[in-house]
Asks: 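If you scroll down you'll find the structure; I have some questions about it.
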Amino acid sequence: MLEIKNLHVSVEDQEILKGLNLTVNAGEVHSIMGPNGSGKSTLALVLAGRESYKVTKGEIIFEGKDLLELSPEDRAREGIFLAFQYPVEIPGVANTYLLREALNSIRKYRGEEPLKHVEFGRLAKEKMKVMGISDNLLKRAVNEGFSGGEKKRNEIFQMQILQPKLAIMDETDSGLDIDALKIVANGVNALRSPERAFIVITHYQRILDYIVPDFVHVLVDGKIVKSGGKELALELEDKGYGWLEEEKIAANN
Amino acid sequence: MSITLSEKDNGYMEGFSRFEKTAPGSNLGWLKSIREHAITKFSELGFPTPRDEDWRFTNVAPIARSSFHIPLNGIDQVSAADLTPFQFEGQQISELVFINGHYSAELSTHCTLPEGVIVLNLAEAINSQEDILKENLAKYADFENEAFTALNTAFMEDGGFIYIPKGTVVEEPIHLLYISTAGDKPSITNPRNLIIVEDNCEANIIEQYVSLDENIYLSNVVTEMVVGENSSVGHYLIELESKKAFNISTLRVQQARSSNMRSYSVLLGGSLVRNNIHPVLAGEGCNSLINGLYMSTHRQHMDNYMKIEHVSPHCDSRQLYNGVLDGRSRGVFHGRIIVHKDAQKTDAKQTNRNLLLSDYAQVDTKPQLEIYADDVKCTHGATIGQIDENALFYLRSRGISKEASRDIILNAFTNETLESMTVDSVKKYCTNLVADWFRQREQTLKS
């Protein structure tokens with residue numbers, strides 16, 4: 001589904017990703033862990049198409065297409081969804097309005113009819129239940145005045161409505177209490193299917209108790225330095241990232 | 001023969017002495033003395049200059065330099081069909097129409113209103129409602145210190161007169177529509193509106209200033225609005241003057257105890273526009289909502305001057321002014337809040353947000369808090385910026401096109417000031433005006 005080859009990315013002339021390789025197949029859950037500043041969020045934003053992140057080398061192929069050629073909106077329409085680490089507040093735009101516009105833009109791209117108000121209402125209701133989203137939250141301006149937990153739940157709620165092929169979660173678990181974390185994980189698990197893949201970017205192992213990954217990758221200084229199964233996450237929890245950073249330095253010497 | 005006013009050769013004084021002989025109510029001593037007092041004040045004050053702190057960002061030299069004539073009736077040039085674009089959808093409402101400052105009986109509409117409500121043009125009210133006028137006219141708007149108010153007061157001859165007696169709810173809004181057909185010589189009109197709302201009433205009043213051609217003229221408007229105890233009044237100002245016109249408009253509101261006033265200004269037209277909003281929260285427990293939206297392009301200049309006076313305790317005021325500026329236009333927001341010494345527990349909030357769509361547009365925003373009481377809450381905030389790139393990316397990442405995302409953000413920004421409008425037909429009208437503005441901009445960008 002997704003193939004990232006030798007990806008180099010710079011932000012304001014500083015190289016953040018330095019030759020990253022990653023292959024994700026349909027049905028898989030990949031977790032990317034790593035210390036602060038290792039390039040986790042950069043990877044997420046590059047996949048979503050943030051223009052201020054410059055790809056200087058390498059390629060990203062998504063479902064056989066050159067992803068780097070596509071605008072952010074076309075990536076979303078092709079089935080990529082990013083749950084933001086810091087969801088943006090948009091005053092004056094109702095949450096429900098954003099969702100209907102988004103869903104209908106994606107449907108139009110696929111040659112489908114826009115969803116009628118009633119149908120959209122029914123869909124939203126169903127997903128709201130899963131994510132514990134209140135009517136009030138749906139009517140309010142996007143993320144404005146939402147608590148941290150509400151913002152994160154709202155991201156996964158959007159994911160449920162838009163039903164992407166590849167969902168990227170950028171530290172969705174950070175700052176959540178255990179109850180909110182369970183709701184978020186439930187929402188994600190409900191979407192797991194053989195056609196869909198997930199990239200779960202996280203700083204902590206905790207969320208992986210609830211969203212069990214098939215693969216865990218460790219990102220250090222812009223490169224994946226170690227990959228393994230879910231047990232790698234536990235090892236990291238135990239030993240921290242220090243030993244990998246040291247290994248990398250040793251390898252470079 | 002028409003009267004010409006200019007700063008040259010004492011033209012304003014000369015013009016006045018001719019004007020006052022034939023002006024409506026020239027036979028009434030009290031009115032004559034107000035007018036004479038006002039022209040004296042005007043000649044003492046002269047037009048303001050940027051050296052004057054209240055006019056620092058707005059130079060009215062183009063007005064001072066001009067020679068204006070006072071137009072005669074121009075009613076024959078306007079038909080009912082010309083009014084349609086400026087009317088609101090839905091049922092017919094009471095509407096006073098003024099052409100070049102003069103009331104037109106043929107074009108106006110009088111609907112059945114609750115008992116005791118009076119909707120008249122001022123020239124007529126001077127004859128038939130002298131007592132109410134004598135008690136209120138020129139009692140609130142400050143012609144002693146404000147040159148344009150003095151000028152208006154000296155030359156006032158027509159405008160809207162609305163009187164709503166105690167305990168009356170007027171369901172439908174009342175519309176004062178001023179149309180300019182100015183002709184090729186620069187002209188001046190001095191519309192003067194007096195709105196008296198007694199205790200326990202509800203009403204909504206719309207003032208709209210429009211033009212049927214692109215000529216040069218000055219609309220120098222003064223509106224005095226008295227809001228009685230426990231009354232709730234909405235005031236809407238829609239300014240769509242010609243691209244070459246000047247509009248100086250002053251709204252002076254006097255609020256009694258527990259009254260509720262909502263003022264909305266939507267400024268889209270004119271080359272040089274000054275919008276003065278001056279509510280005085282005179283009784284305890286008043287509420288004022290003062291919202292505005294100004295959208296300018298080319299070389300338009302739009303100045304909003306707020307003076308919110310808290311006189312009594314426990315009053316709340318909320319100001320929200322948003323500006324969208326394109327081209328080489330310039331916006332000004334000067335937000336004064338004055339909390340007098342007895343106005344304890346005042347809660348005043350002021351917000352001014354500006355969105356610059358061009359590198360050449362410019363905004364000056366200036367809060368000015370003068371607080372003489374010690375137990376008050378006053379906050380102010382101002383922002384000037386471009387469209388938020390983070391918000392744009394967020395919307396696009398959800399599959400919405402770049403253009404649509406931009407529109408969503410812009411509409412949300414303009415809508416913020418309009419959404420609390422309670423008269424749906426007017427809200428819709430204003431929303432459409434904003435949409436047209438953006439559409440025109442798109443077309444200009446494409447061509």
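Model, not experiment: these values are computed from the prediction. Below, read A as the first sequence line, B as the second, and so on, with proteins coming before strands; counting in each chain starts at 1.
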Asks: Which atoms of A:Asn143 come close to chain B, meaning under 4.5 Å heavy atom to heavy atom: side chain ones, backbone ones, both, or neither?
Replies: side chain
Asks: Between A:Leu98 and chain B, with a heavy-atom cut-off of 4.5 Å, which part of the residue counts as in contact: side chain, backbone, both or neither?
Replies: both
Asks: May I ask you to decide if A:Ala76's main-chain N or O and B:Arg398's side chain share a donor-acceptor pair within less than 3.5 Å?
Replies: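 Flag not set: sc B:Arg398 to bb A:Ala76 has no pair under 3.5 Å.
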Asks: Is there a salt bridge (charged side-chain N to carboxylate O under 4.0 Å, His left out) between A:Glu113 and A:Lys108 once you walk through the steps?
Replies: CA-CA 6 Å; A:Glu113 288 291 307; A:Lys108 193 175 165 196; over 6 Å; no
Asks: Identify which part of A:Arg50 has an atom lying under 4.5 Å from any heavy atom of chain B, answering side chain, backbone, both or neither.
Replies: both
Asks: Just checking B:His235 against B:Tyr264, ring centres under 6.0 Å apart?
Replies: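 Centroid separation for B:His235 and B:Tyr264: 6.0 Å or greater.
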Asks: Could you look at A:Pro87 and say if it's the side chain, the backbone, both or neither that has a heavy atom under 4.5 Å from chain B?
Replies: both
Asks: Have a look at B:Asn352 and tell me which of B:Thr365, B:Asn322, B:Asn304 forms a side-chain hydrogen bond (donor to acceptor under 3.5 Å, both in side chains) with it.
Replies: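 By the side-chain hydrogen bond (donor to acceptor under 3.5 Å, both in side chains) criterion, B:Asn352 pairs with just one of B:Thr365, B:Asn322, B:Asn304: B:Thr365.
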Asks: Identify which part of A:Tyr86 has an atom lying under 4.5 Å from any heavy atom of chain B, answering side chain, backbone, both or neither.
Replies: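 No part of A:Tyr86 comes within 4.5 Å of chain B.
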Asks: Which residue in the set B:Thr383, B:Ile384, B:Val332, B:Leu355 passes side-chain contact (heavy atoms from CB on, under 4.5 Å) when paired with B:Val363?
Replies: B:Ile384
Asks: Quick one: what part of B:Asn415 sits under 4.5 Å from any heavy atom of chain A, side chain, backbone, both or neither?
Replies: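 Neither the backbone nor the side chain of B:Asn415 comes within 4.5 Å of chain A.
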Asks: Less than 4.5 Å to any heavy atom of chain B: does that hold for the side chain of A:Glu78, its backbone, both, or neither?
Replies: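 For A:Glu78, no heavy atom lies under 4.5 Å from chain B.
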Asks: Taking the basic N atoms (NZ, or NE/NH1/NH2) and the acidic carboxylate oxygens, is any pair closer than 4.0 Å for B:Lys427 and B:Glu419?
Replies: no
